[in-house]
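Read the structure below first, then the notes.
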Amino acid sequence: MMIKNNKKTNNTSQFLSMFGWDSYFQNHFDNISSDNMFPARIIGVHKNNFLIGRNNKEMLVTLAGRLNYHKDTLFPVIGDWVIITDKVICDVLPRKNALSRGAAGTHGKQDLLPNKRQVIAANIDTVFIVSGIDNDFNIRRIERYLTLVYNCGLNPVIVLTKADLHQDPESYVGEVEEVAFGVPVHLVSATDPYGLSSLEPYLSKGKTIAMLGSSGVGKSTLVNNFYGKSIQATKVISKSVGKGRHTTTSRSLILMPQGGMVIDNPGIREIGFYDDEGGLDVTFPEIEHLAKRCRFHDCSHTHEPGCQVLQALSTGSIKKERLDSYQKMKRELAYLSDRQTKSADRVEKERWKGIALKIKAMNNKKNKRP
């Protein structure tokens, strides 16, 4: 693979390809490059500079001042391909995709939700949703992670860690498969090479994995096992709670011996959404399917006659906890959508008006009963 306007050796071409460079980025680079420019991938982000990979070497670079202030340009994140000149990032190539969420501190604060977006990583092939089958295990949180990943247009894979801590770890796999339709679920432990080997196909040459999960679920342990030695700091598992202590404090892109790359993210405490790209439909396909058959097209699935979702709830086809999870995220995403075009005051007034109408309808229904 040759890079325009630069003298490139075979080693350079192989390095770029190894880090995910392909015709998509080549075509964009051809449109903007000049003789003193070269492409590189962001493999580390620090307070005042960035770590890039180039020619099998790492290099610290700074950001051109205009990229800090120009609204039409992308601010570099881990996984981005950037254009470098004189050890300065002068441009960011268009992303294939990005893993984003509502910025930390905005979850539950509805007036902030649509205004703060945090891009976690860019140009990703697979997202590992990592959950320990210990006190961290929470099926509702996994549903929320899935919705976040689908909203970003990315491919999720669920990795259940610490299988060696339970006599029947397969039961957790079954529980996850009941809510994660069609999503691969892998059960692994630090002591089981077979479980870990099942993840290696995702690490083929040039492919990038980003890992999401709470602190202490074993993301850094996974990285160390993939690499074959300890390169990410880990701490021992607490005997009282069966949980490791959080050690990763910054994001880094690590090239693995298998040929792929892993982005190890710090533990996420808040799973806030930024926008709605249909992720809820994919995470809850059975509810969405039933909702289309309800008598009323705007059915809230709380009290309306002819509601197919409530009918399924009454027969046990849908669990109440799953429906509650769906409705909670649907309300949040609807609020986000409204805030894109309406003021906060107007959205709040309409929300309370809707609540009042629902209460009135339920009271009328109750009064009509003999």
Handout entry: Polar side-chain atom of T283 near backbone of G279 as donor-acceptor pair, under 3.5 Å
Key = yes

Exercise for the section: Return yes when atom OH of Y227 has more than 12 non-hydrogen atoms of other residues, nucleotides or ligands closer than 6.0 Å, and no otherwise. Expected result: no

Exercise for the section: Kindly say whether the aromatic ring centers of Y202 and H186 come within a distance under 6.0 Å. Expected result: yes

Practice task
Verify whether one side chain among Q26 and D30 offers a donor that lies under 3.5 Å from an acceptor in the other.
Solution key: yes

Problem - Between S220 and D264: side-chain donor-acceptor atoms closer than 3.5 Å - result: yes

Handout entry: Side chain to side chain, K205 and Q258, heavy atoms closer than 4.5 Å
Key = no

Handout entry: K207 NZ: over 12 foreign heavy atoms closer than 6.0 Å
Key = no

Practice task
Could you pull out the closest heavy-atom pair between L310 and H301, with the gap in Å?
Solution key: CD2-O, 3.3 Å

Problem - Close side-chain approach of I83 and L93, heavy atoms under 4.5 Å - result: yes

Handout entry: Test item: side-chain donor near acceptor, N36 and T85, under 3.5 Å
Key = yes

Problem - Single-linkage hydrophobic cluster I209~V119, side-chain heavy atoms < 4.5 angstrom - result: no

Handout entry: Salt-bridge criterion met for K328 and E143 (N-O under 4.0 Å)
Key = no

Exercise for the section: Answer yes if V77 and L74 sit in the same cluster of Ile, Leu, Val, Met, Phe, Trp and Tyr residues linked by side chain heavy atoms under 4.5 Å apart, and no otherwise. Expected result: no

Exercise for the section: Decide whether L60 and M37 are clustered together by the hydrophobic rule: side chain heavy atoms of Ile, Leu, Val, Met, Phe, Trp, Tyr closer than 4.5 Å, transitively. Expected result: yes

Handout entry: Under-4.0 Å salt bridge between R322 and E286
Key = yes

Problem - Rounded distance (nearest 0.5 Å) linking atom CD1 of I42 with atom CD1 of I78 - result: 7.5 Å

Problem - Aromatic ring proximity, centroids under 6.0 angstrom, F50 and H46 - result: no

Practice task
For residues I268 and R101, determine if any side-chain heavy atom of one lies less than 4.5 Å from a side-chain heavy atom of the other.
Solution key: yes

Problem - Rounded distance (nearest 0.5 Å) linking atom CD1 of I142 with atom CG of L160 - result: 6.0 Å

Exercise for the section: Ignoring hydrogens and angles, state whether a donor on the side chain of S300 or E304 is under 3.5 Å from an acceptor on the partner side chain. Expected result: yes

Exercise for the section: Would you check if L99 and L212 make a side-chain contact, meaning some heavy-atom pair closer than 4.5 Å? Expected result: yes

Completion exercise
All heavy atoms of V82 vs all of P76, minimum pair found to be CG1-CB, 4.3 Å

Exercise for the section: For atom CG of D86, decide whether the heavy atoms of other residues, nucleotides or ligands shown that lie under 6.0 angstrom number more than 12. Expected result: no

Exercise for the section: Please tell me if the side chains of L222 and L196 come closer than 4.5 Å, counting only heavy atoms from C-beta onward. Expected result: yes

Exercise for the section: Determine, using the 4.5 Å side-chain heavy-atom cutoff (strictly less than), whether F75 and V92 are members of one ILVMFWY cluster. Expected result: yes

Practice task
Take the angle between the ring planes of W81 and F25 and call it parallel below 30°, perpendicular above 60°, tilted in between.
Solution key: tilted

Exercise for the section: Assign the ring pair Y326 / F284 to parallel, tilted or perpendicular, where the plane angle (0 to 90°) is split at 30° and 60°. Expected result: perpendicular

Exercise for the section: First locate atom OG of S214, then atom CZ of F137, and finally report the distance between them rounded to the nearest 0.5 Å. Expected result: 12.0 Å

Handout entry: Euclidean distance, H289 NE2 relative to Q308 CD, rounded to 0.5 Å
Key = 9.5 Å

Exercise for the section: Report yes or no: does R144 contribute a side-chain atom to a donor-acceptor pair with the main-chain N or O of I271 at less than 3.5 Å? Expected result: yes

Completion exercise
Interatomic distance, CG@N225 vs OG@S230, rounded to 0.5 Å, equals 9.5 Å

Handout entry: Pairwise side-chain contact, N151 with L148, heavy-atom cut-off 4.5 Å (strictly under)
Key = no

Exercise for the section: Check whether any side-chain N or O of T161 sits under 3.5 Å from a backbone N or O of V188 as a donor-acceptor pair, and report yes or no. Expected result: no

Handout entry: Point-to-point distance, once rounded to the nearest 0.5 Å, from CG of D80 to CZ of R41
Key = 8.5 Å

Handout entry: Ionic contact status for K320 with D324, cut-off 4.0 Å
Key = yes

Problem - Test side chain to side chain contact (heavy atoms under 4.5 Å, CB included) applied to V183 and N155, V176, L146, V282, the passing residue - result: L146

Exercise for the section: Measure the shortest side-chain to side-chain distance between V88 and V61 over non-hydrogen atoms and say whether it is less than 4.5 angstrom. Expected result: no

Exercise for the section: Output yes when a side-chain donor or acceptor of N123 lies under 3.5 Å from a complementary backbone atom of G79, and no otherwise. Expected result: yes

Practice task
For residues E332 and Q327, determine if any side-chain heavy atom of one lies less than 4.5 Å from a side-chain heavy atom of the other.
Solution key: no

Practice task
Give the minimum heavy-atom separation between P169 and I133, together with the two atoms involved.
Solution key: CB-CD1, 3.7 Å

